[in-house]
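Down below is the structure, laid out as structure tokens.
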Amino acid sequence: MAHEPGCRIGHWYRFSPAMSWERWRADNLAGWEDRVPIHAGPGGYDVAGLLADPKRLSATVRHDRESLGSLAGLDLVHLQCHLGTDTLSLLRLGAASVSGLDFSPRAIAHCRSLFERAGVAGRFVEGDVFDAERLLGGARFDLVYASIGAINWIPSIGRWLAVAAGLLKPGGRLYLRDVHPMAMAIDPGSDLELRLRFPYGEQPLPVTLHDDQTYSGDGTPLANSTSHEWSHSLGEIVEGALAAGLVVSGLAEHYYTEWRMLESMVKDADDRWLLPEAPERLPLLFTLQATKPG
Ligand SMILES: C[S@@+](CC[C@H](N)C(=O)[O-])C[C@H]1O[C@@H](n2cnc3c(N)ncnc32)[C@H](O)[C@@H]1O
């Protein structure tokens, strides 16, 4: 791994003032291309289990189920759908149709192959989330869904929410469950001390991370291990939804994660990762629900 002057030698972060969105995006895309075969393989996203049992849901969608409510009859789009395992699970919850978008060609190829192997229909488009309206041909949806590790790749939550709002039919709903900005601010190396290290709210420059391991799979190292991420404060998220013309109907905070964010976390029987000590200290995820006026 090459280090630029001023960066912290080690594996966590440096700021990158000389870089641009195109370069940040290219680094992030290369990392996501690397992750697809690792996440689809042994120890990864349980693709085989989902295919073997047509009633099975991904853990993420299982955890969404109650707050999502009934999806019966809804046309749904999943932004940044990765392997399509959550998209397939949303279809299994009764959605009338599902579409997915991701900028990773390997991810989209995986989604198409997953749906073909499962014998179900889904529409998948490849490209940047900021081009979603064009990529989806101007289609409008009853539900825009995104979850766990979507908005940290995005420099402006306001722009992302405007895109999401533009994809909704009047009366349609946005469902966003993602990493809480307080959790984004924690230094993972501090483990249970929970030291604040990274920005809580949006900054023009991302936090640049070097980590040659991904969070799922068999430990195969990433060839492209540099990523650039942004946090968005809860205030910026709510203000962004309001500025996009949405009516906020819920903002819930959760004290578990979907992945082992800190070394000492423990998993419960329902695949939720928890802090083993005083979990009430830190919200780890949030769910925003907002509707487009009818
Ligand atoms: C952690 S996954 C989120 C999905 C879900 N939590 C999962 O694990 O299946 C993040 C996804 O965002 C996609 N992504 C990142 N930046 C993007 C962008 N600018 N436009 C479209 N997709 C993007 C990546 O390719 C990746 O598949």
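We're numbering straight along the sequence, starting at 1. Note that ligands are numbered from 1 as they come in the structure, with each ligand's atoms numbered from 1 the same way. Being a predicted model, the structure only gives us computed values, none of them experimental.
Inclusion of His82 in the set of residues having an N or O under 3.5 Å from an N or O of ligand 1 is warranted.
Between Arg177 and Glu258 a salt bridge is recorded (basic side-chain N to carboxylate O distance below 4.0 Å). For the pair Glu133 and Arg140, the salt-bridge criterion is met [side-chain N within less than 4.0 Å of a carboxylate O]. Electrostatic pairing of Asp53 and Lys55 does not count as a salt bridge here, judged by no charged N lying under 4.0 Å from a carboxylate O. Looking at Arg173 and Asp142, no side-chain N of the basic residue comes within less than 4.0 Å of a carboxylate O on the acidic one, giving no salt bridge.
Looking only at heavy atoms of the protein, atom 8 (O) of ligand 1 is closest to Tyr45 OH, 2.5 Å. Regarding atom 10 (C) of ligand 1, its nearest protein heavy-atom neighbour is Gly149 O, 3.2 Å. Nearest to atom 4 (C) of ligand 1 among the protein's heavy atoms is Gln80 O, 3.3 Å. The shortest contact between atom 19 (N) of ligand 1 and any protein heavy atom is with Asp128 OD2, 3.1 Å. Shortest contact from atom 22 (N) of ligand 1 to any protein heavy atom: Phe103 N, 3.2 Å. Of all protein heavy atoms, the one closest to atom 20 (N) of ligand 1 is Val129 N, 3.0 Å. From the protein, the heavy atom lying nearest to atom 1 (C) of ligand 1 is Trp32 CH2, 3.3 Å. In this structure, the protein non-hydrogen atom closest to atom 13 (C) of ligand 1 is Asp102 OD2, 3.4 Å.
At least one heavy atom of Asp86 sits less than 4.0 Å from an atom of ligand 1. Heavy-atom separations between Tyr215 and ligand 1 include at least one value shorter than 4.0 Å. In this structure, Ser147 has a heavy atom closer than 4.0 Å to ligand 1. Heavy atoms of Gly127 come nearer than 4.0 angstrom to ligand 1 in at least one pair.
In this structure, CZ on Phe124 lies 10.5 Å from NE2 on His110, to the nearest 0.5 angstrom.
Under 4.0 Å from ligand 1, not a single heavy atom of Trp259 appears.
Across all their heavy atoms, Pro276 and Ser264 have their closest contact at CG-O, 3.2 Å.
Atom numbering of ligand 1 starts at 1 in the shown order; those under 4.0 Å from a heavy atom of Ser104 are 25 (O).
Distances from atom 3 (C) of ligand 1 to the heavy atoms of Leu83, Asn28, Ile148 show the closest one on Ile148.
Residues Ser147 and Asp86 form a side-chain contact, since some pair of their non-hydrogen atoms from C-beta on lies under 4.5 Å apart.
In this structure, the ring of Trp32 has its center less than 6.0 angstrom from the ring center of Trp153.
Looking only at distances, no side-chain donor or acceptor of Asp46 sits under 3.5 Å from a matching main-chain atom of Ser58.
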- Task: Step by step, work out the side-chain hydrogen bond (donor to acceptor under 3.5 Å, both in side chains) result for Trp160 and Gln80.
- Result: CA-CA 11 Å; Trp160 189 94; Gln80 299 169 239; 2.9 Å; yes

